[in-house]
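All remarks here apply to the structure that follows.
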2 protein chains.
Amino acid sequence: MDDVIARLECAEHPDALQAVIEWLRDYYSVDDIVYHWVSSNGDQYGCGTYDPKWVARYLEKGYLRIDPVVIGCYQRFHPVDWKRLDWSGKAARSFMQDAAEHGVGHQGYSIPIRGPNGQFALFTVSHSCDDEQWASFTELNRRDLILLAHYFNQTALKLEPGRKPEPTQPLSPREVETMTLLAVGYSRAQVAETLAISEHTLRVYIESARFKLGALNTTHAVARAMARGQIIV
Amino acid sequence: MDDVIARLECAEHPDALQAVIEWLRDYYSVDDIVYHWVSSNGDQYGCGTYDPKWVARYLEKGYLRIDPVVIGCYQRFHPVDWKRLDWSGKAARSFMQDAAEHGVGHQGYSIPIRGPNGQFALFTVSHSCDDEQWASFTELNRRDLILLAHYFNQTALKLEPGRKPEPTQPLSPREVETMTLLAVGYSRAQVAETLAISEHTLRVYIESARFKLGALNTTHAVARAMARGQIIV
DNA sequence: CCCGGCCTCACCAGAAATGGGGAGTTGGAA
DNA sequence: TTCCAACTCCCCATTTCTGGTGAGGCCGGG
């Protein structure tokens, strides 16, 4: 374990992640291990031992917005066993069947990981075995998996595969206040009143913030400011 | 360590966190350890060994939006040493001085933790010693601290001290699509076009989503949907 | 079988936001 | 000192959003 973490910490190329993940699969003797993230812009990055055909199909079908693992983990903090997720709904059902047909095990344990800039990633272990075996496996390895997930994400963030640095121009104090108040539902007039400035001035802040954030309108600007962690709501 | 984590996992009352944190402070022989979170609604919860006067002053002064530790960690994923944060700016300076006067050590190591619903928490260890000692301490204990931070947050989330469950009414698929597209900067007309529906219909979705989210306007609705993890941007 | 939630469409009038001008002060950095 | 970024204020015209009301088809659960 220490060895793996050390390798992650000094990794300098994404291939290292893939190598580690394959090593881990053998080490734990499970069917699959996958790390994948999806962030703001919608494109994603990941590595793992799933059949490439399944990965391609997943992307092609846009399963990201259907997959109960993603949706469920997105609203959780704890690692979660797939069985505890919501598999009702016909979209989820057909997704599950499709996954099974592509060789994905029916047991799974996923750890959600969150980073700045609205980053969200999953570290998943999947296998085929009965419920009891699976329960004892997850119970035994939970702590290691949490730490692994953390270091995997740390490494992935460091390597930032082709991810543009996005110069995240900082907002001025007034701009931050403006965005924050807009995010909690105030109208322009109310924000102006709260900050004790004219609404005209307020507009200048909104527009400059929008410009700095590269946003197309106010809602977009607020969403970006939130996603990038530039405002604390 | 295992003992501490076990105690966190079976904790049933917030006092357990306080007890554990005090035990940890003695175990590591540091000046202070603090866990605190701040989430959507702005109110916060925490426990730690800081002087209550300092805690009160922190809240009273609204230091949350000035504290470089909070602001800095909010945009990071890795644990961070206080020295690596941005302490320029007069607000930050006077904050630092005020903290020092209230007995806060000048060395610090903070671990950001993120949960669903836009939850953000910090697990901080603070001390007074020279840089080298501090560097070796953090190097040595980093991994334990990450795991501790994780389990602290898990416990805090479980206990949810007085935090309303916020029945998080789920959005319908169309509502999710609508909110998502608005969050990435589309105007109402563009969203309607993208979804191939009339703008009138779109408005119905926005309004029903706004209603479900308890939001005052579109921007607010998008912000809430993001913060609650109901849309993946 | 019926109810309720979801999806779809329509009209209207008023309120709010946007885009693009210009212009002055202050305080900190180069 | 000079310069720039931040902060403040104002006008105009146009586009966009919002609030209220109404209505029909579809599908799944009780």
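Computed from a predicted structure; not experimentally measured. Numbered from 1 within each chain, the chains take letters A, B, ... in sequence-line order.
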Please identify the 5'-most and 3'-most nucleotides of DNA chain C with any atom under 4.0 angstrom from a heavy atom of chain B. dC6(C) to dC12(C)

In whole angstrom, what separates Leu171(A)'s CG from dA5(D)'s C1'? 14 Å

Can you check the Phe211(A) CZ to dA5(D) C1' distance for me, whole Å? 14 Å

Strictly below 4.0 Å: does Thr201(A) bring a side-chain N or O up to OP1 or OP2 of dC7(D)? no

Crowding at OH, Tyr58(A) (>12 non-hydrogen neighbours, <6.0 Å): yes

From NE2 of His200(B) across to P of dT18(D) the rounded distance in Å is 15 Å

Would you call the rings of His102(B) and Trp54(B) parallel, tilted or perpendicular, where under 30° means parallel and over 60° means perpendicular? tilted

Glu175(A) has an atom CD; how far is it from atom C1' of dC7(D), in whole Å? 10 Å

For dA5(D), does OP1 or OP2 lie under 4.0 Å from any side-chain N or O of Lys212(A)? no

Between Glu101(A) and Arg57(A), does any side-chain N to carboxylate O distance fall below 4.0 Å? no

Between His127(A) and Tyr109(A), is the gap from one ring center to the other below 6.0 Å? no

Using a strict threshold of under 4.0 Å (side-chain N to carboxylate O), is an ion pair present between Lys83(B) and Asp81(B)? yes

I need the CG-P distance between Leu202(A) and dT8(D), as an integer number of Å. 10 Å

Just to verify, which of Thr124(B), Thr138(B), Ile111(B) counts as forming a side-chain contact (heavy atoms from CB on, under 4.5 Å) with Leu145(B)? Ile111(B)

Classify the ring geometry between Tyr45(B) and Trp37(B) as parallel (under 30°), tilted (30 to 60°) or perpendicular (over 60°). perpendicular

Please answer whether the main-chain N or O of Gly185(B) pairs with a side-chain N or O of Thr219(A) as donor and acceptor at a distance below 3.5 Å. no

Position toward the 5' end of DNA chain D (nearest nucleotide), Leu216(B) or Glu199(A): Glu199(A)

Looking at dC9(D), dC17(D), dT18(D), which one has an atom nearest to any side-chain atom of Ile197(A)? dC9(D)

Provide a list of protein-nucleic acid N or O atom pairs under 3.5 angstrom, restricted to nucleotides 20-27 of chain D.
unit_1  : atom_1 : unit_2    : atom_2 : d
dG20(D) : O6     : Arg203(B) : NH2    : 3.0

Residue-phosphate contact under 4.0 Å: Arg188(B) side-chain N/O, dC17(D) OP1/OP2: yes

How would you label the contact of Ser208(B) with the nucleic acid (heavy atoms, under 4.0 Å): base, sugar-phosphate, or nothing? nothing

Can you confirm if the NZ or CZ of Arg114(A) lies within 45° of the ring axis of Tyr74(A) and under 6.0 Å from the centre of its six-membered ring? yes

